[in-house]
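Notes to accompany the following structure.
For ligands, and for the atoms within them, numbers begin at 1 and follow the listed sequence.
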Amino acid sequence: MKRKVQVGIIGAGPAGLLLAHLLKRAGIEALVVDNRSRDEIESTIRAGVLEQWTVDLLISLGLGERLKREAYFHDGITLRFNRGSHHLDFPELTNGKRVTVYAQHEVLKDLIAALPEDMIQFGVKEVALTKLDTDRPAIRTAEDEIECDFIAGCDGFHGPSRRAIPKSAIRTYETVYPFGWLGILTEAPPSHHELVYARHERGFALLSTRSSTVQRLYLQCAPKDDLNQWSDDRIWSELRQRLETDEDWSLTEGTIFQKNIVSMRSFVCETMRWGRLFLAGDAAHIVPPTGAKGLNLAAADVVVLSRALIAWYRDHGTDLLDRYAPTCLARIWKGERFSWYMTTLLHRNDLEEEFVQRIHMADLEYLVGSHAAQQALAENYVGLPMAV
Ligand code: RFL
Ligand code: PHB
């Protein structure tokens, strides 16, 4: 069937769904298509930490009611190394900003529930982009051809949007890390009142939370490790060792009910626009999760894109559309830098010279002894100001 919509959005992740809300609020007609089912989207475990402005945006859109009730708000993070703990006081360092822990799939549930049903199609097969060299680009699916004024490619790293741009027009930058994260969900009470990021000789570990009864923990592993090699006993033993401390503290353990391994890369596609196709979120850039930036960068992209589209529908001005990629890339590269910094600072990398490993330890010592260094980390972690 042939259909028409003002903005066609590929991908019902944080980028696509938030864009749909921002456009709907401005009276612009948008349709989101995703190849996964609603169930799968609402149950995939990914991010946990939201920047302060992302929280404020969700609340201002009327999408923050459950978040306000159920999220965890922390006054900073703890860095752990050499058997010692160091609390970074974010409200003091950032003029009142805090860390919000609210799982990505909970954000997605809230965004989906608040969109009219006819604005999202789930389980759409064979999504392809066509007529990108015309003023009427289209999303072709197994059943429909959806003619659009604009297409937003919000379909993640593996989606079809970036690949629809001619290779000769694409400029990318990438680095792949020689480690991954094994993530678990466990039924246990919290071990600590805030996130703990640990650097240890045996590798990185991260203690995060989901609720008073469910905890989220990660540990550094080989990127291609087989989950079968990671028994529950081995996971707990590694976490205990990597989080060890001389203080009176112990890790609360429980039944592990979910495990997965993710590899880690940094990636930027500087070509974020091709004619009337605009890439946003993981479709255009990837960060390793150590800085908790990916979802937040995706949200920042679509705020910039929505402003540009709203301006175009007002008076056909193309200025903001033309500035979309450079405006986003200024923030993206800072997010890339911070995520790379947190990752190299906190992970054990045997490919690094011992000299460089010593530098990371010196960096950590400097950090916990310097208010200025803590302030630099904190202002990036809670989120740099949005461009106005
Ligand atoms: P998504 O979330 O990947 O959504 C893309 C959507 O596109 C759909 N899609 C297609 N639809 C139609 N046809 C096709 N052919 C399609 N191919 C794909 C997919 O089904 C999907 O629904 O991209 P988006 O919206 O750009 O959002 C990006 C974020 O999901 C990602 O950056 C974060 O999860 C990264 N991340 C974190 N970000 C944070 O801000 N804070 C965190 O604490 C944080 N922790 C994390 C993370 C990512 C992690 N993993 C799993 C890599 C922790 C982890 C472990
Ligand atoms: C999470 O809770 O999933 C989480 C927390 C902090 C990160 C990454 C993921 O840096």
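Looking at Leu206 against ligand 2, only its side chain comes within 4.0 Å, counting heavy atoms. The part of Val262 lying near ligand 1 is the side chain, judged by heavy-atom distances below 4.0 Å. Under 4.0 angstrom from ligand 2, there are no non-hydrogen atoms of Val101. In Arg210, the part holding a heavy atom less than 4.0 Å from any atom of ligand 2 is the side chain. The backbone of Lys293, and not its side chain, has at least one atom closer than 4.0 Å to an atom of ligand 1 (non-hydrogen atoms only; backbone = N, CA, C, O). At a 4.0 Å heavy-atom cut-off, ligand 1 touches Tyr218 through the side chain alone. The proximity of Ser208 to ligand 2, defined as any non-hydrogen pair under 4.0 Å, is limited to the side chain.
When only modelled atom types and interatomic distance are considered, Thr245 and Arg83 share no side-chain donor-acceptor pair under 3.5 Å. Side-chain contact annotation: Thr255 with Glu187, donor-acceptor N/O pair under 3.5 Å absent.
Set against the non-hydrogen atoms of Tyr197, the atoms of ligand 2 under 4.0 Å away are 6 (C), 7 (C), 10 (O). Those atoms of ligand 2 with a heavy atom of Leu195 less than 4.0 angstrom away are 5 (C), 6 (C). Residue-ligand proximity, Gly159 to ligand 1, at heavy-atom distances under 4.0 Å covers atoms 17 (N). Using a 4.0 Å cut-off to heavy atoms of Gly281, the atoms of ligand 1 that qualify are 26 (O). Listed by atom number, the atoms of ligand 1 under 4.0 Å from Ala15 heavy atoms are 25 (O), 26 (O). Atoms of ligand 2 found under 4.0 Å from any heavy atom of Arg46, numbered from 1 in the order shown, are 3 (O). Proximity to Gly156 (heavy-atom distance under 4.0 Å) selects the following atoms of ligand 1: 3 (O), 5 (C), 23 (O). Taking every heavy atom of Pro289 and a limit of under 4.0 angstrom, the matching atoms of ligand 2 come to 7 (C), 8 (C), 10 (O). Within the listing of ligand 2, atoms 1 (C), 2 (O), 3 (O) sit less than 4.0 angstrom from a heavy atom of Gly48. For ligand 2 and Val49, the ligand atoms under 4.0 Å from any heavy atom of the residue are 5 (C), 6 (C).
Residue His158 places every heavy atom at 4.0 Å or more from ligand 1.
Looking at Gln220 and Phe179, their side chains come closer than 4.5 Å, going by heavy atoms from C-beta outward. Two residues are said to be in side-chain contact when any heavy atoms from C-beta on lie closer than 4.5 Å; Leu88 and Phe90 meet this criterion.
The shortest N or O to N or O distance between Val124 and ligand 1 is not below 3.5 Å. Close N/O approach between Gly294 and ligand 1 is found [any backbone or side-chain N/O within under 3.5 Å]. In terms of polar-atom proximity, Pro160 is not counted as a contact of ligand 1, lacking any N or O under 3.5 Å from an N or O of the ligand. At under 3.5 Å, not a single nitrogen or oxygen of Gly11, backbone or side chain, sits near a nitrogen or oxygen of ligand 1. Considering backbone and side-chain atoms alike, Gly48 places an N or O below 3.5 Å from some N or O of ligand 1. Residue-to-ligand polar distances keep Thr209 apart from ligand 2: every N/O pair is separated by 3.5 Å or more. Annotation: Arg46 places an N or O atom under 3.5 Å from an N or O atom of ligand 1; distance criterion only. For a threshold of 3.5 Å applied to N or O pairs, the pair formed by Leu295 and ligand 1 contains at least one separation below that value.
Val49 O, 3.1 Å is the protein heavy atom nearest to atom 41 (N) of ligand 1. Scanning the protein heavy atoms around atom 11 (N) of ligand 1, the nearest turns out to be Asn35 N, 3.2 Å. Shortest contact from atom 24 (P) of ligand 1 to any protein heavy atom: Pro14 CD, 3.9 Å. With hydrogens left out, the protein atom closest to atom 7 (O) of ligand 1 is Asp155 CA, 3.2 Å, a heavy atom. Residue, atom and distance of the protein heavy atom nearest to atom 21 (C) of ligand 1 are Asp34 OD2, 3.4 Å. In terms of protein heavy-atom proximity, atom 4 (C) of ligand 2 is nearest to Tyr218 CE1, 3.8 Å. The protein heavy atom nearest to atom 32 (O) of ligand 1 is Asp282 OD1, 2.8 Å. Protein heavy atom closest to atom 33 (C) of ligand 1, with residue, atom name and distance, is Gln104 OE1, 3.4 Å. Among all protein heavy atoms, the one lying closest to atom 42 (C) of ligand 1 is Ala47 CB, 3.3 Å.
Within a 6.0 Å sphere centred on CZ of Arg240, other residues, nucleotides and ligands contribute more than 12 heavy atoms. For NZ of Lys259, the number of neighbouring non-hydrogen atoms (other residues, nucleotides, ligands) closer than 6.0 Å is greater than 12. Taking a 6.0 Å sphere around CG of Asp248, one finds it holds 12 or fewer heavy atoms contributed by other residues, nucleotides or ligands. A 6.0 Å sphere centred on CZ of Phe355 holds no more than 12 heavy atoms belonging to other residues, nucleotides or ligands.
Residues Phe267 and Tyr173 keep their aromatic ring centres 6.0 Å or farther apart. Here Phe338 and Trp333 keep their ring centres 6.0 angstrom or further from each other. In summary, the aromatic rings of His285 and Phe157 are positioned with their centroids too far apart to meet the 6.0 Å limit.
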Mind running side-chain hydrogen bond (donor to acceptor under 3.5 Å, both in side chains) on Gln374 and Ser370 for me, showing each step along the way? CA-CA 6 Å; Gln374 288 180 22; Ser370 159; over 6 Å; no

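Using a 4.0 Å cut-off between charged nitrogen and carboxylate oxygen, Lys4 and Glu29 do not count as a salt-bridge pair.
Atoms CG and CH2, on Leu219 and Trp230 in that order, are 5.0 Å from each other to the nearest 0.5 Å. If you take CD1 on Ile184 and CZ on Arg216, they are separated by 8.5 Å, rounding to the nearest 0.5 Å. Taking CG of Leu185 as the reference point, atom CD1 of Ile256 lies at 10.0 Å (rounded to 0.5 Å).
Closest heavy-atom approach to atom 13 (N) of ligand 1 among the candidates Leu195, Val127, Leu182, Ile139: Val127. In this comparison of Gly153, Ser161, Cys154, the heavy atom closest to atom 5 (C) of ligand 1 sits on Cys154.
The backbone N or O of Leu243 lies less than 3.5 Å from a partner atom in the side chain of Arg80, making a donor-acceptor pair.
Between Phe81 and the choices Leu346, Val368, Leu367, the side-chain contact (heavy atoms from CB on, under 4.5 Å) rule is met once, by Val368.
Cation-pi contact between Lys68 and Phe73: absent, since separation from the ring centre below 6.0 Å together with deviation from the ring axis within 45° is not met. Because its NZ or CZ atom is both nearer than 6.0 Å to the ring centre of Phe150 and within 45° of the ring axis, Arg276 counts as a cation-pi partner of that residue.
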